[in-house]
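Pasting a structure here, questions to come.
We number each residue from 1, following the sequence as shown.
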Amino acid sequence: NPKMYKAPPKRELSAQDRIFVGQGGTPPPTEAPGGIANTGVTVFAQVAAHRALESSDEAPAPPPATWEAYTKKGQESNGVLAMMDMLVADLDKEIQESEVEEKDSQSEYESFMEDSKTKRAADSQL
């Protein structure tokens, strides 16, 4: 709204600043507006509430009830560690089973190849 516009006040430069600006320098920065929304009020404080607490002779109310005292969560972490140990044991058992199965398969293959060799030799003699 142009009717509410208020022009900033004219600034008077010091002699040194006038010389500096006259030689092509920039003028020194302006001061920041003071307070909230340039009203001069810097802080809104609720002083009445503080005065009421200071003037009363009564003790403040006790804090509200909260949870129990801190206890270490040992059982949950033990459950996780036990599960990890169980996974490691299962993996070791699977590895052992696969090694045994591989050895059995290899021996079956070798015996099959021996049988095939003897059969081929017997078939070639006929």
Task: Gln16 atom CD, over 12 foreign heavy atoms within 6.0 Å - done: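 No, not enclosed.
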
Task: Spatial distance of atom CZ (Arg120) from atom CG (Asp115) [nearest 0.5 Å] - done: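 It is 11.0 Å, given to the nearest 0.5 Å.
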
- [ ] Mark yes when over 12 heavy atoms from residues, nucleotides or ligands other than Glu101 sit less than 6.0 Å from its CD; otherwise mark no.
- [x]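 Atom CD in Glu101 is not packed in, count stays at 12 or less.
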
Task: Distance, nearest 0.5 Å, that separates CD of Glu94 from CD of Gln96 - done: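 Nearest 0.5 Å value for the CD-CD distance: 11.5 Å.
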
Open item on the list: Just to verify, what does Lys119 make a salt bridge (charged side-chain N to carboxylate O under 4.0 Å, His left out) with, not counting sequence neighbours?
Closed with: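 Testing Lys119 for salt bridge (charged side-chain N to carboxylate O under 4.0 Å, His left out), a comparison that skips the adjacent residues, returns Asp123.
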
Task: Separation of Lys93 NZ from Ser98 OG (nearest 0.5 Å) - done: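 Result: 13.0 Å between the selected atoms.
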
Open item on the list: Which residues end up grouped with Val21 if you chain together Ile, Leu, Val, Met, Phe, Trp and Tyr wherever their side-chain heavy atoms are less than 4.5 Å apart?
Closed with: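 Members alongside Val21: Leu13.
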
Open item on the list: With no hydrogens and no angle check, just 3.5 Å: does a side-chain donor-acceptor pair link Ser14 and Asp17?
Closed with: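 There is such a pair (donor and acceptor under 3.5 Å, judged by atom type) between the side chains of Ser14 and Asp17.
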
Task: Closest contact, heavy atoms only, Ser124 versus Ala121 - done: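 Answer, listing the atom of Ser124 first, then Ala121: OG-O, 2.9 Å.
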
- [ ] Check whether any side-chain heavy atom of Pro28 lies under 4.5 Å from a side-chain heavy atom of Arg11, and answer yes or no.
- [x]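 Answer yes - side chains close enough.
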
Open item on the list: Test of understanding: with salt bridge (charged side-chain N to carboxylate O under 4.0 Å, His left out), list the residues that count as partners of Asp90, not counting sequence neighbours.
Closed with: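 Listed in chain order: nothing, the list is empty.
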
